[in-house]
Amino acid sequence: MPSNDARILLQAAVPTAAVGAIAAVVSGVVAGGKGAIGAAVATLIVILFMGIGLYVLQRTAKSLPHLFQAMGLMLFAAQILLLFIFLAAFKHTTLFNPKAFAFTLLAGTIIWIVAQTRAHMKAKILYVEPEKSGHSS
């Protein structure tokens, strides 16, 4: 993964992990151990899904740049759909607190999107590769 991609991934994952840690502490205080587990699981799911999505999108941008925008929209829709499926699948679980899981999943997703958007805006990635200055015809 090139340095810009790794930097964007890091700038999105760190705030998401921080919000997940805060959510785990708050959920642990409010809902006990199962709340903390629910928040931790939700944080891991968000980081995993969104991280894989970012990786796929960056690979698409490099190999099939003409599909980048369509792939981005499709990927975003697929990620949100998968997160809703996780919410529905674990709605009545006894493994952890479903409310802590749901709120952390929502908060983590929002933080990831905001942080990734901010990272892309600050990255100053070139749209066009400049010609090499030492190459003469």
Side-chain angles (χ1 to χ4, degrees):
M1 189 177 271
S3 64
N4 277 334
D5 299 344
R7 193 174 311 122
I8 290 169
L9 178 64
L10 188 63
Q11 289 176 356
V14 169
T16 304
V19 166
I22 292 167
V25 169
V26 170
S27 297
V29 169
V30 172
K34 289 192 177 208
I37 293 171
V41 169
T43 302
L44 290 174
I45 289 172
V46 169
I47 291 173
L48 182 67
F49 277 18
M50 297 300 192
I52 290 171
L54 179 61
Y55 175 75
V56 168
L57 195 57
Q58 295 301 335
R59 295 228 8 167
T60 301
K62 286 171 183 44
S63 62
L64 303 166
H66 59 284
L67 294 178
F68 180 73
Q69 186 176 13
M71 184 65 165
L73 290 171
M74 190 275 311
L75 187 63
F76 180 71
Q79 286 173 326
I80 298 301
L81 180 64
L82 283 172
L83 292 174
F84 280 126
I85 289 171
F86 264 85
L87 279 174
F90 291 109
K91 185 176 183 179
H92 299 293
T93 187
T94 58
L95 299 172
F96 47 77
N97 185 298
K99 285 185 181 180
F101 176 76
F103 284 124
T104 305
L105 199 65
L106 179 63
T109 301
I110 290 169
I111 292 298
W112 180 283
I113 292 169
V114 169
Q116 183 178 347
T117 301
R118 183 177 182 272
H120 274 291
M121 290 173 63
K122 292 181 72 173
K124 298 179 182 170
I125 299 170
L126 297 174
Y127 293 101
V128 178
E129 290 290 326
E131 288 187 27
K132 303 221 186 254
S133 59
H135 183 52
S136 47
S137 298

Visitor: List the atom pairs, with distances to 0.1 Å, where a side-chain N or O of residues 81-100 and a protein N or O form a donor-acceptor pair under 3.5 Å, not counting sequence neighbours.
Guide:
from, atom 1, to, atom 2, distance (Å)
Thr93, OG1, Leu95, N, 3.1
Asn97, OD1, Lys99, N, 2.9
Asn97, OD1, Ala100, N, 3.0

Visitor: Please report the C-alpha distance between Phe49 and Thr109 in whole Å, then the side-chain angles of each, then the deciding distance to 0.1 Å, and finally whether the side chain to side chain contact (heavy atoms under 4.5 Å, CB included) criterion is met.
Guide: CA-CA 10 Å; Phe49 277 18; Thr109 301; over 6 Å; no
Visitor: Under 4.5 Å between side-chain heavy atoms, counting indirect links through other Ile/Leu/Val/Met/Phe/Trp/Tyr residues: same cluster for Phe103 and Val30 or not?
Guide: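 Shared cluster, no.
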Visitor: Closest approach of Ala119 and Gln11, non-hydrogen atoms and distance?
Guide: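 Heavy-atom minimum between the residues: CB-OE1, 3.0 Å.
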Visitor: To the nearest 0.5 Å, tell me how far Gln116 CD sits from Ile113 CD1.
Guide: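 One finds 8.0 Å between CD of Gln116 and CD1 of Ile113.
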Visitor: Do Leu9 and Tyr55 have side chains that approach each other closer than 4.5 Å (heavy atoms only, starting at C-beta)?
Guide: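 They are not in side-chain contact.
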Visitor: I need the Leu57 CG to Gln79 CD distance, nearest 0.5 Å.
Guide: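 One finds 8.5 Å between CG of Leu57 and CD of Gln79.
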Visitor: Treat each ILVMFWY residue as a node, draw an edge where side-chain heavy atoms are under 4.5 Å apart, and state whether Leu54 and Val19 are in one component.
Guide: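 Looking at the clustering, Val19 is in a separate group from Leu54.
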Visitor: Should Val56 and Leu48 be counted in the same cluster of Ile, Leu, Val, Met, Phe, Trp and Tyr side chains packed under 4.5 Å apart?
Guide: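 Looking at the clustering, Leu48 is in the same group as Val56.
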Visitor: Determine whether Ile45 and Met50 fall in the same hydrophobic cluster, where Ile, Leu, Val, Met, Phe, Trp and Tyr are linked whenever their side-chain heavy atoms lie under 4.5 Å apart.
Guide: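 Ile45 clusters together with Met50.
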Visitor: For Ala39 and Ser27, which heavy atoms make the closest approach, and how far apart are they?
Guide: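 Heavy atoms of Ala39 and Ser27 come nearest at CB-OG, 3.9 Å.
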Visitor: By side chain to side chain contact (heavy atoms under 4.5 Å, CB included), which residues pair with Ala40, not counting sequence neighbours?
Guide: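 Expected list: none.
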Visitor: With rounding to the nearest 0.5 angstrom, report the CZ to CD1 distance, Arg118 to Ile8.
Guide: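 Spacing of CZ (Arg118) from CD1 (Ile8) equals 12.5 Å.
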Visitor: Nearest 0.5 Å, please: how far is CG in Leu75 from CD1 in Ile80?
Guide: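 Going from CD1 on Ile80 over to CG on Leu75, the span is 10.0 Å.
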Visitor: Are Leu64 and Ile52 connected in a single hydrophobic cluster, I mean Ile/Leu/Val/Met/Phe/Trp/Tyr linked by side-chain heavy atoms less than 4.5 Å apart?
Guide: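 Ile52 does not cluster with Leu64.
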Visitor: To the nearest 0.5 Å, what is the distance between CD1 on Ile111 and CD1 on Ile47?
Guide: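 Separation between the atoms: 12.0 Å.
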Visitor: Return the minimal non-hydrogen interatomic distance between Ala115 and Pro15, and the atom names on each side.
Guide: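 That closest heavy-atom pairing would be CB-CG, 4.0 Å.
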Visitor: Provide the closest heavy-atom pair for Phe101 versus Ala42 in the form atom of the first, atom of the second, distance.
Guide: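 Heavy-atom minimum between the residues: O-CB, 3.4 Å.
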